[in-house]
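Labels below follow one simple rule: chain letters A, B, ... track the order of the sequence lines, proteins then strands, and each chain is numbered from 1.
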Protein chains: 2
Amino acid sequence: MAVIDRKKLILEAAAKSFSLYGYKATTMDQVAKLANVGKGTIYTFFKTKEELFDEIISSLIADIRFEVESALDDSASILDNVNHVLARVHEFRKSHQLTIKLIQEERDMGTQTVVEAMQRVEQSIIQYMKGIIQKAIEKGEIKSCDPEITAFVMLKMYFSLVNEWQRNHPPLKKEEIAKLFELYLLKGLLA
Amino acid sequence: MAVIDRKKLILEAAAKSFSLYGYKATTMDQVAKLANVGKGTIYTFFKTKEELFDEIISSLIADIRFEVESALDDSASILDNVNHVLARVHEFRKSHQLTIKLIQEERDMGTQTVVEAMQRVEQSIIQYMKGIIQKAIEKGEIKSCDPEITAFVMLKMYFSLVNEWQRNHPPLKKEEIAKLFELYLLKGLLA
DNA sequence: AAATGACCGAATTGGTATTTTAGTCAGTTT
DNA sequence: AAACTGACTAAAATACCAATTCGGTCATTT
């Protein structure tokens with residue numbers, strides 16, 4: 001196409017700026033300059049800064065899902081699948097510039113918009129895991145249980161182990177976490 | 001004793017003020033006035049405001065332990081004991097003025113001293129649960145496992161379920177949480 | 001010897017002048 | 001005329017500084 005796709009330019013510029021400076025420190029002037037468009041043009045595609053940001057978050061969610069989907073194996077056990085999904089999500093969060101910046105901004109400044117965005121991301125991961133768990137129930141691989149609470153508990157447990165446990169202890173290796181998941185959630189503690 | 005126990009007066013005044021106004025908003029002048037002592041007197045017993053606060057936190061920890069200890073029954077199952085302990089801790093946090101105020105201050109202002117104090121409280125609960133779990137392992141009631149990680153996971157799981165799940169869902173009843181603990185941690189999900 | 005409160009420097013607060021920013025829109029370009 | 005632009009505005013954020021408050025000390029009192 002001879003015409004430049006201005007919306008795409010804007011989205012790319014915004015993604016870059018949010019990754020580099022976070023939500024608050026990114027200005028619309030800055031995005032306009034980076035995208036080589038007038039500021040008014042942005043507002044023909046997005047009603048507000050927040051709407052632009054939300055669209056970036058939507059594609060972030062899609063990226064995570066794609067990343068995670070390739071880790072999924074229908075013939076593998078639920079334990080392996082859950083571990084793979086959680087490990088990939090964690091890898092993604094640790095290596096992806098935008099998520100790093102947003103986690104930082106959420107922690108350090110508590111920007112409302114960012115807090116909400118991160119909750120949306122978390123919710124979407126939970127919904128995705130819910131599907132995996134539902135399948136495992138149908139296959140009779142695990143007991144019948146509320147798939148959403150189960151997904152929620154798994155995610156919380158995972159993030160506790162990788163993020164909070166390290167505050168007072170040496171970090172756990174990937175295989176150790178897998179073992180803990182197996183023990184606590186699958187086999188159970190009962191002797 | 002004819003002499004007034006000034007240290008006790010100061011501790012009581014401080015506890016009252018921290019409960020009412022939190023850590024930051026409590027001033028040493030205020031504590032002195034409440035305790036009916038000169039400000040200098042406080043500094044003959046406590047080096048700094050933080051040290052005074054730490055002593056209040058130590059007795060808070062003792063109070064929690066006492067509250068929890070009475071919920072413990074050596075002849076009961078590990079599940080019942082863990083559920084009782086966690087429920088009592090939660091009740092305590094919800095009803096005790098000082099903890100309410102400090103949780104609020106931690107959330108709203110992130111006061112460093114308060115964050116550290118709350119971590120100390122959490123650590124002491126974990127250490128306490130660790131003992132319970134260790135006993136259950138020795139009795140052969142549950143499998144051999146790292147008692148500290150187990151205590152940590154249990155506490156995190158509990159607080160996730162009572163504090164975070166409610167953000168997007170109707171709150172879980174005490175018995176529902178007990179059932180979830182039983183399913184996830186004791187019996188395990190495996191069919 | 002024990003207790004006190006006036007006092008000190010550091011930190012916080014409140015008020016305000018200045019700058020920055022999200023969003024608009026009259027005008028320009030294509 | 002449809003798409004695009006950037007100077008403009010009102011509101012919000014920031015920088016600034018004076019005034020106050022606070023944790024901690026110590027010379028004096030009890």
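- Enclosure of atom NE2 in B:His96 by more than 12 non-hydrogen atoms of other residues, nucleotides or ligands within 6.0 angstrom is indicated.
- Atom pair B:Met109:CE and C:dT12:C1' shows a separation of 11 Å (rounding to whole Å applied).
- Rounded to an integer number of Å, the gap from B:Glu51 CD to D:dG24 C1' is 13 Å.
- Taking atom NZ of A:Lys33 as the reference point, atom P of D:dC4 lies 20 Å away to the nearest angstrom.
- Contacts between residues 35-48 of chain A and DNA chain C, counted as heavy-atom distances below 4.0 Å, involve A:Lys39, A:Gly40, A:Tyr43, A:Thr48.
- One finds no side-chain N or O of A:Arg6 lying less than 4.0 angstrom from the OP1 or OP2 phosphate oxygen of D:dA3.
- To the nearest 0.5 Å, atoms CD (B:Glu116) and OG1 (B:Thr113) are separated by 6.0 Å.
- As rounded to whole Å, 13 Å separates atom C1' of D:dT25 from atom CG of B:Asp29.
- A:Ile10 places its CD1 atom 14 Å from the P atom of D:dA3, with the value rounded to the nearest Å.
- Aromatic ring orientation, A:Phe53 versus A:Tyr23: tilted (interplanar angle from 30° to 60°).
- Side chain of A:Glu141 to backbone of A:Ile78: a donor-acceptor contact under 3.5 angstrom is found.
- Remark: C1' of D:dC4 and CG of A:Asp5 are 15 Å apart, rounded to the nearest angstrom.
- A salt bridge is absent between A:Glu122 and B:Arg167; no separation between the charged side-chain nitrogens and carboxylate oxygens falls under 4.0 Å.
- Here C:dT24 presents its P atom at 15 Å from NZ of A:Lys49, a figure rounded to the nearest Å.
- Applying the 6.0 Å contact sphere to NZ of A:Lys139 captures more than 12 heavy atoms from other residues, nucleotides or ligands.
- For A:Gln30 and C:dG23, the CD to P distance is 16 Å, given to the nearest whole Å.
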